[in-house]
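Treat the numbers as computed from the prediction; the structure is a model and nothing was measured.
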Amino acid sequence: MLDTNFSNSIICYHGPINIDLISFFSNFLKQHLKANTIVVGRIYKVLIELIQNVSYYSVDQFNIERKFGSGIGWFRLDEEEKIFKITTGNKILKEHGPVLQKNSNEINSLDEESLRELKRKTRSQANKRDIGAHIGLIQTGLITGNSLDLEIEPIDTIYSYFIITAKVNKS
Amino acid sequence: MKNLIIDAIPDSPYYPGVNFDAATGICEMTGESYMEEAYKFYAPLLNWLKEYSLQEGNDVTFSIKLTYFNTNSSRLLLDMFDILKKSKDAGHQVQINWYFETDDPDIKDEIEDFEIETGLKIKLIPVE
């Protein structure tokens, strides 16, 4: 669940997430985050990919009629000595946990060239109406060059809580 | 055939600006692309490009000036390149120019991935 130690936190949000909110926060950080341009650009890209996954795939939705892009969850950006950490959390169906874990393990095990190959393969096979969360995680692995940290905690027999952290190096 | 023009909207920066000119064959996309349900936005672009680029004598210069696009949009960009590849294979002149910001170290790999997937050559044009 959400770590409530905010001493290194630059931004933290919990609640409904739609495209306007994603755009607001990511552009706010792009303009005001104190880091070099390349690092800010990478945080911007990772933030959008990961928060859009919450918006699309959280099982908690604030606008049930829309069925898409209205997920409830949280995200935060923390600054540490050598890295920025982008973390998101949302409720998922329990059955999706092992798939997410397997995909992330694969991403973490591959070198850059293999990851690019996986991205091309995944993209070309993706449904254009909903390309899925997998490619966003691959892209996050490519942009950051770091492993993805996952936590999947069971809530009950139907749902789990999914937390993912991506790390962007400061240099 | 009519031009396809979609003006960029500052309040919705996740939609790119689009200017597909039927008189010149110059097609341009600007801004950023990370909207919800990207296929709905891209459907008319794909239809326009398919209709235009496969007509006899219609050559295309496709200029991409996107400073950011998410993975959803990249799936649709791939579809656009596939259409352009078919047009090229049918004997049309197809030129793709990608204007990229020099402080984005990751974009060249992204463009190279599109080249590998489509077999098209994309000209890189740096923008300071």
Side-chain angles (χ1 to χ4, degrees), chain A residues 17-24 26-27 30 36-42 44-53 55-56 63 66-71 112-113 115-140 142-145 168, chain B residues 8-16 31-47 49-50 66-83 85 100-120 127-128:
Chain A
I17 298 172
N18 68 5
I19 185 63
D20 288 308
L21 184 120
I22 294 166
S23 181
F24 170 77
S26 48
N27 280 291
K30 197 182 199 179
N36 79 48
T37 313
I38 292 172
V39 173
V40 172
R42 285 181 170 149
Y44 183 77
K45 293 175 190 176
V46 169
L47 204 63
I48 291 175
E49 287 290 345
L50 292 186
I51 305 176
Q52 280 194 315
N53 276 351
S55 178
Y56 294 170
N63 186 345
R66 285 200 70 212
K67 294 181 181 173
F68 199 77
S70 56
E112 187 184 347
E113 281 310 309
L115 208 47
R116 283 177 65 184
E117 197 177 326
L118 178 64
K119 177 185 161 184
R120 292 194 296 269
K121 183 180 162 196
T122 305
R123 179 165 62 190
S124 65
Q125 293 174 348
N127 181 335
K128 67 185 74 175
R129 285 176 173 261
D130 178 10
I131 67 167
H134 188 197
I135 192 167
L137 301 186
I138 297 170
Q139 182 70 356
T140 298
L142 276 169
I143 292 168
T144 64
V168 176
Chain B
I9 305 166
D11 287 346
S12 307
Y14 34 84
Y15 289 114
E32 299 191 327
S33 179
Y34 57 100
M35 71 293 289
E36 291 174 346
E37 299 182 289
Y39 69 95
K40 287 184 180 173
F41 178 84
Y42 276 85
L45 279 65
L46 291 163
N47 290 336
L49 205 56
K50 195 179 287 179
L66 295 175
T67 52
Y68 172 68
F69 53 96
N70 67 354
T71 47
N72 250 305
S73 297
S74 80
R75 173 68 183 81
L76 280 308
L77 288 171
L78 185 63
D79 282 356
M80 298 182 104
F81 293 139
D82 284 340
I83 291 168
K85 179 67 165 59
F100 71 100
E101 294 182 327
T102 51
D103 58 6
D104 182 348
D106 308 312
I107 190 67
K108 284 186 181 175
D109 284 350
E110 296 240 28
I111 296 167
E112 190 180 84
D113 282 339
F114 281 125
E115 289 184 319
I116 292 168
E117 278 185 88
T118 61
L120 285 165
V127 178
E128 291 295 332

Next on the checklist: If I compare all heavy atoms of P105(B) with all of I38(A), which pair ends up nearest, and what's the gap?
Outcome noted: CG-CG2, 3.6 Å

Checklist entry - Given the options E49(A), Q52(A), R116(A), R42(A), which has more heavy-atom pairs under 4.5 Å with chain B than any of the others? => result R116(A)

Item to check | Chi angles and distances behind the side-chain contact (heavy atoms from CB on, under 4.5 Å) call for Y14(B), I48(A) | outcome: CA-CA 11 Å; Y14(B) 34 84; I48(A) 291 175; over 6 Å; no

Checklist entry - Closest approach of N27(A) and P13(B), non-hydrogen atoms and distance? => result ND2-CG, 4.1 Å

Item to check | Which atoms of Y34(B) approach chain A - backbone, side chain, both or neither, heavy atom under 4.5 Å | outcome: both

Next on the checklist: Any heavy-atom pair between the side chains of Y56(A) and N72(B) that's under 4.5 Å?
Outcome noted: yes

Checklist entry - If you measure from OH on Y68(B) to OG on S26(A), what distance do you get to the nearest 0.5 Å? => result 8.5 Å

Item to check | For E32(B), side chain to side chain donor-acceptor pair (under 3.5 Å) partners two or more places apart | outcome: K30(A), Y44(A)

Next on the checklist: When you measure from the centre of the six-membered ring of F114(B), is the NZ or CZ of R123(A) closer than 6.0 Å and no more than 45° off the axis?
Outcome noted: yes

Next on the checklist: Rounded at 0.5 Å granularity, tell me how far CG in L137(A) sits from OG1 in T71(B).
Outcome noted: 9.0 Å

Item to check | side-chain contact (heavy atoms from CB on, under 4.5 Å) assessment of D113(B) paired with E117(A) | outcome: CA-CA 8 Å; D113(B) 282 339; E117(A) 197 177 326; over 6 Å; no

Checklist entry - With side chains defined as the heavy atoms from C-beta onward, is the minimum distance between E110(B) and L142(A) less than 4.5 Å? => result no

Item to check | pair N18(A)-E36(B): side-chain heavy atoms closer than 4.5 Å | outcome: yes

Checklist entry - Among E113(A), K119(A), E112(A), whose side-chain contact (heavy atoms from CB on, under 4.5 Å) with D109(B) holds? => result E112(A)

Item to check | Structural part of D103(B) lying under 4.5 Å from a heavy atom of chain A | outcome: both

Next on the checklist: Is S74(B) close to chain A through its backbone or its side chain, or both, or neither, when contacts mean heavy atoms under 4.5 Å?
Outcome noted: both

Next on the checklist: Which atoms of N36(A) are under 4.5 Å from chain B, going by heavy atoms: the side chain, the backbone, both sets, or neither?
Outcome noted: neither

Item to check | Pairs touching residues 71-80 of chain B that satisfy salt bridge (charged side-chain N to carboxylate O under 4.0 Å, His left out), sequence neighbours left out | outcome: K128(A)-D79(B), R75(B)-D79(B)

